[in-house]
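Down below is the structure, laid out as structure tokens.
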Amino acid sequence: MKFMKIGTKPDTFYTEEATRTVISDIPSDLTIRINNVCFLLHKIPLVPKCGLLQRLCSDADDSDIVTIDLHDVPGGEDAFELCAKFCYGITINLGAHNFVPAFCAAKFLRMTESIEKGNFVLKLEAFFNSCILEGWKDSIVALQTTIKLPEWSENLGIIRRCIDSIVEKILTPTSKVSWSYTYTRPGYIKKQHQSVPKDWWTEDVSDLDIDLFRCIITAVRSTYIPPPQLIGEALHVYACRWLPDTTKSRPLHSSGSQTEESREKCRRILEAIVSMIPSDRGSVSIGFLLKLLSIANYLGASPVTKTELIRKAGLQFEEATLNDMLFPSQLPTDQHFYDIDLVAAVLESYLVLWRRQSPLPTDNSHMVRSIRKIGKLIDSYLQVVARDVNMPISKLVSLAEALPDVAREDHDGLYKAINIYLKEHPDVSKADKKRMCRMLDCQKLSPEVRAHAVKNERLPLRTVVQVLFFDQESGSRSTTHKPESITRARQAPIEAEAKEECDKKVQNEVTKSSSRVTETSEREIQKRMEAKMVRGDSEKGKERKGETNSTAKMMEPKQVFQRRSSR
């Protein structure tokens with residue numbers, strides 16, 4: 001940062017309550033009132049340097065005490081005091097932080113060369129051109145101070161010249177960047193890096209007001225075509241600088257005008273950032289998009305902003321990780337911790353695009369690989385949110401059922417999520433248990449998971465019986481030695497018939513026993529069926545191989561239910 005010192009005399013200004021005056025043996029003959037502050041000064045030396053005061057004092061005699069109201073002076077009483085001290089020859093220090101109000105006030109007072117040679121405006125312009133515009137951080141600080149005097153700064157060209165200076169430095173090749181800049185990325189140490197990072201400018205620019213920041217980004221994008229990821233990184237840095245963090249805990253929803261004013265400012269920043277995201281896919285990460293969506297829910301952003309974020313997140317949802325999706329709910333009415341509605345909305349957006357692009361997917365197509373990756377991601381997410389003791393079963397089931405059948409190559413992950421939920425929610429009703437387990441396809445469970453399910457006392461009896469049936473079916477298929485094509489062709493109608501008959505038997509049995517069988521008796525039935533399965537497996541080697549034998553083994557569960565019904 002550069003500074004300019006003007007004047008040689010010591011500071012003799014002093015303030016007493018709302019009055020500012022200068023120590024002098026000569027009585028004050030000029031009173032300047034600005035807002036609630038009164039300056040007791042002298043016509044000489046102020047009037048000779050200020051064209052405005054010359055005009056206002058033109059009708060007064062030299063001996064008269066003149067009182068002038070200057071309530072509209074830009075920069076207020078502080079900026080006027082700098083101009084007054086310059087007239088008295090008192091030492092003043094100028095820098096990027098106070099240049100703008102001093103320059104605007106000097107222009108207002110008409111302290112130009114036409115009034116007196118070497119006047120204040122000339123010196124300020126020289127400092128602006130040679131120091132502020134030549135410096136990186138000086139230009140940014142000066143530009144930021146223009147938000148207090150936007151009209152004056154715009155009319156005097158300060159904003160445009162600062163923006164041009166900043167953009168020119170941003171576009172400078174990194175090998176020629178020699179000025180100081182702020183770069184505090186985790187793990188980055190300047191001494192260990194010889195080259196300047198491409199996004200070296202993003203942190204310093206993030207100090208600007210959102211409207212000025214937008215002007216910088218717009219000017220950069222209009223001057224040349226930067227990599228979309230570079231613009232995305234600048235937006236990410238700015239969002240981290242100004243928007244609340246909703247990733248770790250649920251923000252407090254407090255009331256009050258100050259809080260609402262802050263929320264409104266954040267909403268404006270969020271909507272501006274969303275509007276500046278490049279349309280190129282991958283310009284920002286999916287994690288950043290989901291974070292912005294969580295912040296939008298917290299701030300109560302407009303539906304247009306939320307819809308745009310959901311659309312962009314849906315386009316990149318395949319790139320998401322589990323940690324990208326773990327956000328606390330931002331609604332004060334929600335009892336559960338995780339924002340499962342956010343994930344459901346983005347999944348729905350993704351599925352709309354997926355169905356549009358893959359009407360007839362094949363097993364080896366990219367779209368099938370994509371949806372199966374999403375299926376594993378959603379099942380992993382379900383396993384995490386299932387531990388939330390306040391998570392409604394309806395939301396869990398709704399998210400799980402949103403995926404098409406092709407999304408799950410196996411149901412092991414879904415089974416784990418269901419098991420975790422039943423373990424963390426021991427009081428869940430039988431109807432809800434059946435509702436959850438109805439999503440499972442026992443044929444898509446691995447042998448290890450089926451072995452666990454058979455012994456799982458949290459599952460409904462119907463589900464356990466189905467697992468036992470398909471476990472026996474898989475064992476029966478593994479013992480046959482017929483060609484695979486013939487076996488499948490003959491077994492397909494038999495399996496369908498056996499499954500249908502099994503479902504009917506299980507439904508009838510569960511209905512009959514629901515009023516009289518306790519949890520203990522249900523476990524005994526399972527044990528009996530396991531024993532029956534073991535006996536059936538031991539007899540397999542003794543029976544003839546062939547279609548008739550395979551059919552008989554597939555129909556064994558019928559005999560079990562017939563005996564159970566007769567009892």
Side-chain angles (χ1 to χ4, degrees), residues 246-250 286-287 290 293-294 297 313 317-318 320-348 350-351 371-405 407-446 448-464 466-467 519:
T246 62
T247 59
K248 298 179 180 179
S249 60
R250 300 179 66 169
I286 177 62
L290 294 175
L293 182 56
S294 177
N297 290 335
F317 197 37
E318 184 183 352
T321 64
L322 179 59
N323 288 334
D324 292 333
M325 301 159 59
L326 298 178
F327 292 98
S329 175
Q330 304 304 323
L331 297 178
T333 56
D334 285 346
Q335 296 295 325
H336 53 278
F337 180 79
Y338 292 105
D339 193 351
I340 193 172
D341 294 329
L342 181 150
V343 176
V346 177
L347 175 61
E348 181 181 359
Y350 166 83
L351 290 175
I371 192 65
R372 285 182 175 172
K373 184 177 181 181
I374 293 296
K376 291 182 179 180
L377 179 65
I378 292 298
D379 284 348
S380 299
Y381 179 76
L382 290 172
Q383 293 171 31
V384 174
V385 300
R387 302 181 188 276
D388 188 346
V389 294
N390 294 320
M391 179 61 64
I393 191 172
S394 58
K395 291 185 178 293
L396 201 76
V397 171
S398 177
L399 181 60
E401 291 180 337
L403 290 171
D405 293 339
R408 292 187 174 96
E409 194 171 6
D410 61 68
H411 277 213
D412 290 1
L414 180 59
Y415 171 82
K416 292 178 182 178
I418 293 174
N419 184 49
I420 292 173
Y421 189 88
L422 295 178
K423 182 179 179 181
E424 297 295 331
H425 303 77
D427 297 332
V428 65
S429 66
K430 289 185 177 181
D432 286 337
K433 284 185 179 182
K434 294 177 182 178
R435 181 184 178 188
M436 291 191 70
C437 294
R438 197 178 296 125
M439 299 184 296
L440 280 175
D441 185 347
C442 298
Q443 296 184 83
K444 290 188 176 183
L445 296 178
S446 65
E448 294 78 9
V449 173
R450 285 201 301 266
H452 182 277
V454 167
K455 301 176 183 179
N456 194 343
E457 297 183 354
R458 303 184 187 94
L459 298 180
L461 176 60
R462 174 190 177 89
T463 303
V464 174
Q466 287 180 336
V467 172
E519 190 69 20

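Worth saying up front: this structure is predicted, and the values here are computed from it rather than measured.
The two residues P404 and L351 come nearest to each other via the heavy atoms CD-CD2, 3.9 Å. Looking at every heavy atom in both residues, K395 comes nearest to M391 through CB-SD, 4.3 Å. In terms of heavy-atom proximity, L290 sits nearest to A313 at CD2-CB, 4.1 Å. Scanning both residues, A417 and L382, for their nearest heavy atoms gives CB-CB, 3.8 Å. Counting all heavy atoms, side chain and backbone alike, C437 lies closest to I418 at SG-CG2, 4.2 Å.
Judged purely by atom type and a 3.5 angstrom limit, E401 has no side-chain atom pairing as donor or acceptor with the backbone of M439. For the pair H411 (side chain) and D441 (backbone), a donor-acceptor distance under 3.5 Å is present. Between the side chain of H425 and the main chain of V389, a donor-acceptor pair closer than 3.5 Å is present. Using a distance-only test at 3.5 Å, with no hydrogens or angles considered, no donor-acceptor pair links the side chain of D412 to the main chain of V449. Panel note: side chain Y421, backbone I393; a donor-acceptor pair is recorded below 3.5 Å. Checking side-chain atoms of E409 against main-chain N and O of A407 turns up no donor-acceptor pair under 3.5 Å. Looking at D388, its side chain does come within 3.5 Å of a backbone N or O of F337 through a donor-acceptor pair. Checked by atom type and distance alone, the side chain of K444 pairs as donor or acceptor with a backbone atom of R408 at under 3.5 Å.
F317 CZ to M325 CE: the interatomic distance, rounded to the nearest 0.5 Å, is 4.0 Å. Annotation: the span from L403 atom CG to L347 atom CG amounts to 5.5 Å, rounded to 0.5 Å. Between the CG atom in D324 and the OG1 atom in T247 there is a gap of 11.0 Å [rounded to 0.5 Å]. Here the CG-CD1 distance, from L396 to I340, works out to 5.5 Å after rounding to the nearest 0.5 Å. L445 CG to R450 CZ: the interatomic distance, rounded to the nearest 0.5 Å, is 7.0 Å. For the atom pair L414 CG and D410 CG, the distance stands at 10.0 Å (nearest 0.5 Å).
You'll find the side chain of R462 stays beyond 4.5 Å of the side chain of K434, heavy atoms only. Counting only heavy atoms from C-beta outward, the side chains of L422 and V428 approach each other to under 4.5 Å. The closest side-chain heavy-atom distance from M436 to V397 is below 4.5 Å. Considering only heavy atoms from C-beta on, P392 comes within 4.5 Å of H336 through its side chain. Proximity of V343 to F327: side-chain heavy atoms (C-beta onward) are nowhere separated by under 4.5 Å. The side-chain heavy atoms of R435 and S394, taken from C-beta on, include a pair separated by under 4.5 Å.
Counting non-hydrogen atoms of neighbouring residues, nucleotides and ligands closer than 6.0 angstrom, the NZ atom of K376 reaches no more than 12 such neighbours. Heavy atoms of other residues, nucleotides or ligands lying less than 6.0 angstrom from CD of E424 number more than 12.
Side chain to side chain, S294 and N297 fail the donor-acceptor criterion of an N or O pair below 3.5 Å.
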Step-by-step side-chain contact (heavy atoms from CB on, under 4.5 Å) determination, Y415 to L459: CA-CA 10 Å; Y415 171 82; L459 298 180; 3.9 Å; yes

